[in-house]
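In this chain, numbering begins with 1 at the start of the sequence shown.
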Amino acid sequence: MANQIIDDTPEMVSILITSSINSFGTERRYPKNISISELKGKLELITGALSSSMKLELRDKNDVVVTTMMDGSNLGSYTIGEGMRIHVIDNSHRVGEFEDLSKVEKFALSDEEYQKKSDSLRAFKMKNKLGQFNEEEVQKIKEEEQQLIQNISVGNRCEVTIRGKPKRRGTVMYVGETDFKPGYWVGVQYDEPFGKNDGSVNGKRYFSCPDKYGGFVKPQDVAVGDFPEEDFTKELDEI
């Protein structure tokens, strides 16, 4: 008579876990026979909440509380349908407490120390003469940019096209080299506040414009010509 193989592996449940502390959720798998008190201990590591002050709510896909999960029961005691989740509540912690990066001490390495490292990206580029450390390539790009800026003048209307971003229109305010990065740059005052500055970078002013209207782009990303200011107000009225 053949031996009968008995599978005593506990049935598992996959469910989304969210909490009152964090803005994100995570999906986990737990055995149906796990007790709610034991489950709370595991959820401490995921949410940062304390099991002693933790309350678990089973919520449906419409975020309606179905029931509060009690310590004396186990996970399999509850009917968990599609789209349902376990929401962890712990009022002893404030919302976003573990996501506030301003309280995290950041590691800082001075430029002098970074240059001494032999295993850095900078060292790799220097060794293999890549990017800014390839003098021939840098000179070639600079010559190409120098040719392009011959056709760009302060006061020109322009359209800026950067890969992965929508086209932006504005007025050329600066053409030339800068202190913040090598090569030639075109300073633009955009028609809308799509920029990053007011015409100054690292304390040096190249031109003046309202804050967030100014930006610096490479000459190859700029086309000058008849680019009148677009009427955004009219577009909003038509929506």
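- At distances below 3.5 Å, at least one donor-acceptor pair connects side-chain atoms of Tyr174 with backbone N or O atoms of Glu177.
- In terms of modelled atom types and a separation under 3.5 Å, the side chain of Gln150 and the main chain of Gln146 share a donor-acceptor contact.
- The two residues Leu58 and Tyr78 come nearest to each other via the heavy atoms CD2-CB, 4.1 Å.
- Separation of atoms CG (Leu56) and OG1 (Thr67) is listed at 11.0 Å; rounding is to 0.5 Å.
- Here the closest heavy-atom approach between residue Met84 and residue Ile15 is recorded as O-CG1, 3.7 Å.
- Between the Thr26 side chain and the Ile17 main chain, no donor and acceptor come within less than 3.5 Å of each other.
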Could you give the side-chain donor-acceptor pairs of residues 199-210 under 3.5 Å, partners two or more places apart or in another chain?
{"residue": "Ser200", "atom": "OG", "partner": "Asp198", "partner atom": "OD1", "Å": "2.7"}
{"residue": "Lys204", "atom": "NZ", "partner": "Asp179", "partner atom": "OD2", "Å": "3.0"}
{"residue": "Arg205", "atom": "NH1", "partner": "Asp198", "partner atom": "O", "Å": "3.0"}
{"residue": "Arg205", "atom": "NH1", "partner": "Phe207", "partner atom": "O", "Å": "2.9"}
{"residue": "Arg205", "atom": "NH2", "partner": "Asp198", "partner atom": "OD2", "Å": "3.1"}
{"residue": "Tyr206", "atom": "OH", "partner": "Asp179", "partner atom": "N", "Å": "2.9"}

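- Taking all atoms of both residues into account, the shortest heavy-atom contact from Trp185 to Lys181 is NE1-O, 3.5 Å.
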Show me, pair by pair, the donor-acceptor contacts under 3.5 angstrom made by side chains of residues 154-166, not counting sequence neighbours?
{"residue": "Asn156", "atom": "OD1", "partner": "Ser153", "partner atom": "N", "Å": "2.7"}
{"residue": "Arg157", "atom": "NE", "partner": "Phe227", "partner atom": "O", "Å": "2.7"}
{"residue": "Arg157", "atom": "NH1", "partner": "Gly170", "partner atom": "O", "Å": "3.3"}
{"residue": "Arg157", "atom": "NH1", "partner": "Thr171", "partner atom": "OG1", "Å": "3.2"}
{"residue": "Arg157", "atom": "NH1", "partner": "Asp191", "partner atom": "OD1", "Å": "3.0"}
{"residue": "Arg157", "atom": "NH2", "partner": "Asp191", "partner atom": "OD2", "Å": "2.8"}
{"residue": "Arg157", "atom": "NH2", "partner": "Phe227", "partner atom": "O", "Å": "2.8"}
{"residue": "Glu159", "atom": "OE2", "partner": "Arg169", "partner atom": "NE", "Å": "3.3"}

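- Note that CZ of Arg59 and NE2 of His87 are 4.0 Å apart. Values are rounded to the nearest 0.5 Å.
- Between Val172 and Val175, the shortest heavy-atom contact is CG1-CG2, 3.6 Å.
- For the atom pair CD (Glu82) and NZ (Lys61), the distance works out to 6.5 Å, reported to the nearest 0.5 Å.
- Closest heavy-atom contact between Val65 and Glu57: CG2-OE1, 3.4 Å.
- A heavy-atom distance below 4.5 Å is not found between the side chains of Val66 and Thr79.
- Formation of a donor-acceptor pair under 3.5 Å by the Asp60 side chain with backbone atoms of Asn62 is found in this model.
- One distance of note links CG of Asn91 with CG of Leu50; it measures 11.5 Å at 0.5 Å rounding.
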Could you pull out all donor-acceptor pairs under 3.5 Å where a side-chain atom in residues 211-226 meets a protein atom, sequence neighbours excluded?
{"residue": "Lys218", "atom": "NZ", "partner": "Glu145", "partner atom": "OE1", "Å": "3.3"}
{"residue": "Lys218", "atom": "NZ", "partner": "Glu145", "partner atom": "OE2", "Å": "3.0"}
{"residue": "Lys218", "atom": "NZ", "partner": "Tyr184", "partner atom": "O", "Å": "2.9"}

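- Residues Val88 and Ala49 approach most closely at CG1-CB, 3.9 Å, considering heavy atoms.
- With contacts defined as side-chain heavy-atom distances shorter than 4.5 Å, the pair Arg168/Val188 does not qualify.
- Atom-to-atom distance recorded for Ile34:CD1 and Ile36:CD1 is 8.0 Å, nearest 0.5 angstrom.
- Remark: of the listed residues Glu11, Met69, Glu38, Met12, Met69 is the sole one forming a side-chain contact (heavy atoms from CB on, under 4.5 Å) with Leu75.
- Under the 4.5 Å side-chain heavy-atom criterion for ILVMFWY residues, no single connected hydrophobic cluster contains both Met173 and Ile152.
- Grouping the Ile, Leu, Val, Met, Phe, Trp and Tyr side chains by contacts below 4.5 angstrom, directly or via other members, places Ile86 with Met70.
- Note: Ser53 OG to Asp90 CG = 3.5 Å, rounded to the nearest 0.5 Å.
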